[in-house]
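Input: a single structure, listed below in structure tokens.
Basis for what follows: all heavy atoms, side chains included, without hydrogens, waters or symmetry-related copies. Keep in mind the model is a prediction, meaning the values are calculated, not measured.
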Amino acid sequence: MPGRFGLDTAQAMAAVVSDALDNIAVAVAARAVAPDLRVAIRAGDHEAIAETRSLFSFGIVQTSRA
């Protein structure tokens, strides 16, 4: 189906809402469906970041402060 969007056709996705835990949950769910999917997560300094790093292989980790 042309023009269809979904994890089965995506090359990458970004989870960038203001709540770090929501972004982490979206990323974990997406990787469960598409393990090779590239994921960008906005996560800030939340304590769950260390645990999240153990779940994903990160190529680039960048800290951004407003």
Only distances under 3.5 Å count here; give the side-chain donor-acceptor pairs of residues 11-19 to other protein atoms, sequence neighbours excluded, each with its distance to 0.1 Å.
{"from": "D19", "atom 1": "OD1", "to": "L21", "atom 2": "N", "distance (Å)": "2.8"}
{"from": "D19", "atom 1": "OD1", "to": "D22", "atom 2": "N", "distance (Å)": "3.0"}

Exercise. Any idea which heavy atoms bring A30 and L37 closest together, and the distance?
Worked result: CB-CD2, 4.0 Å
Exercise. What heavy-atom pair brings V39 and R31 nearest, and what distance separates the two atoms?
Worked result: CG2-CD, 3.8 Å
